[in-house]
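Just below is one structure, and these are the notes that go with it.
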Amino acid sequence: METNRKKGNQGEKEAAEYLSSKGYQIVKTNFHFGKHGEIDIICRLNDVLVFVEVKSRKSFEYGDPLLSITPKKQKSWQRAAEGYLYVNKIQEVECRFDVITVDLSKSPHEIEHLENALSPF
């Protein structure tokens, strides 16, 4: 039986490959900001810094993966992004929050990319 972490790692790897193929430059993966949250992928597209949440599913038994991005998750995602900017002394940069879903039940796996999924801070 595949663990959730293994499934998540597979989805994140495929999402990073997808983003790279679209011209995004991967800056960091799995950025943790203490207890404040985690960002799956941080990348750049031109002058925009993009924080990406990846949701992988083997089935939709528990619903659409986008529904798992609750207001609480959004807040921790935003705090982690602010932490990344603070730790790296980044100021005056345009930021965007995207979500990528990876449907692992299909072959090949289906990837959907939702840009601007959360209002920037």
Side-chain angles (χ1 to χ4, degrees):
M1 185 173 159
E2 192 173 38
T3 66
N4 284 342
R5 186 68 239 155
K6 198 171 176 186
K7 191 171 43 176
N9 287 341
Q10 181 180 359
E12 288 169 20
K13 179 178 181 254
E14 290 185 32
E17 290 169 357
Y18 165 83
L19 289 166
S20 292
S21 77
K22 298 293 182 188
Y24 290 77
Q25 176 191 3
I26 305 301
V27 175
K28 179 91 176 141
T29 57
N30 297 309
F31 172 78
H32 293 267
F33 188 60
K35 63 181 180 170
H36 299 291
E38 173 198 4
I39 298 171
D40 296 324
I41 300 171
I42 301 169
C43 54
R44 279 193 174 277
L45 181 63
N46 303 317
D47 294 330
V48 180
L49 192 60
V50 184
F51 299 99
V52 182
E53 176 72 13
V54 179
K55 292 294 180 186
S56 305
R57 291 283 190 268
K58 280 192 87 109
S59 79
F60 286 81
E61 179 180 346
Y62 298 105
D64 188 307
L66 292 176
L67 297 177
S68 66
I69 303 175
T70 62
K72 182 179 178 182
K73 173 63 182 171
Q74 291 175 23
K75 192 168 189 153
S76 77
W77 192 17
Q78 188 169 347
R79 274 197 223 111
E82 290 169 343
Y84 178 80
L85 296 174
Y86 173 77
V87 166
N88 291 284
K89 298 176 177 50
I90 299 171
Q91 298 178 350
E92 305 301 321
V93 66
E94 184 179 344
C95 296
R96 187 175 88 203
F97 292 91
D98 291 3
V99 174
I100 290 183
T101 60
V102 182
D103 185 347
L104 301 171
S105 69
K106 296 186 176 166
S107 183
H109 297 155
E110 188 174 285
I111 295 176
E112 287 188 49
H113 184 185
L114 177 62
E115 296 180 5
N116 292 308
L118 175 65
S119 297
F121 42 92

Would you call [X] and [Y] a side-chain contact if the rule is heavy atoms closer than 4.5 Å?
{"X": "H113", "Y": "L19", "result": "yes"}
{"X": "N30", "Y": "E38", "result": "yes"}
{"X": "I41", "Y": "I26", "result": "yes"}
{"X": "I100", "Y": "V52", "result": "yes"}
{"X": "V50", "Y": "C95", "result": "no"}

To the nearest 0.5 Å, how far apart are [atom1] in [X] and [atom2] in [Y]?
{"X": "F97", "Y": "L49", "atom1": "CZ", "atom2": "CG", "value": "9.0 Å"}
{"X": "Y18", "Y": "E112", "atom1": "OH", "atom2": "CD", "value": "9.5 Å"}
{"X": "L114", "Y": "K55", "atom1": "CG", "atom2": "NZ", "value": "13.5 Å"}
{"X": "L45", "Y": "Y24", "atom1": "CG", "atom2": "OH", "value": "5.0 Å"}
{"X": "Q74", "Y": "R79", "atom1": "CD", "atom2": "CZ", "value": "12.0 Å"}
{"X": "K28", "Y": "C43", "atom1": "NZ", "atom2": "SG", "value": "14.0 Å"}

> Any idea which heavy atoms bring G11 and S56 closest together, and the distance?
Replying inline: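 Looks like CA-OG, 3.1 Å.
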> Do F33 and I39 pass the side-chain contact (heavy atoms from CB on, under 4.5 Å) test, and can you show the C-alpha distance, the side-chain angles, and the key distance before you say yes or no?
Replying inline: CA-CA 9 Å; F33 188 60; I39 298 171; over 6 Å; no
> Got a sec: does the CD of E17 have more than 12 other heavy atoms crowding it under 6.0 Å?
Replying inline: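 Above 12, so yes.
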> With no hydrogens and no angle check, is any side-chain donor or acceptor of D103 less than 3.5 Å from a backbone partner on S105?
Replying inline: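 Checking the backbone N and O of S105 against the side chain of D103, a donor-acceptor pair under 3.5 Å is found.
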> Donor-acceptor pair, D98 side chain versus N116 backbone, under 3.5 Å?
Replying inline: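 Here the side-chain-to-backbone pair exists.
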>> Under 4.0 Å between a side-chain nitrogen and a carboxylate oxygen: does that hold for R96 and E94?
In response: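 Result for this pair is no, no salt bridge flagged.
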> Between I111 and T101, is a side-chain contact (heavy atoms from CB on, under 4.5 Å) present by the stated rule, with each step listed?
Replying inline: CA-CA 6 Å; I111 295 176; T101 60; over 6 Å; no
> Do the two ring centres, one from W77 and one from F51, sit under 6.0 Å apart?
Replying inline: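 W77 vs F51: aromatic centres not under 6.0 Å.
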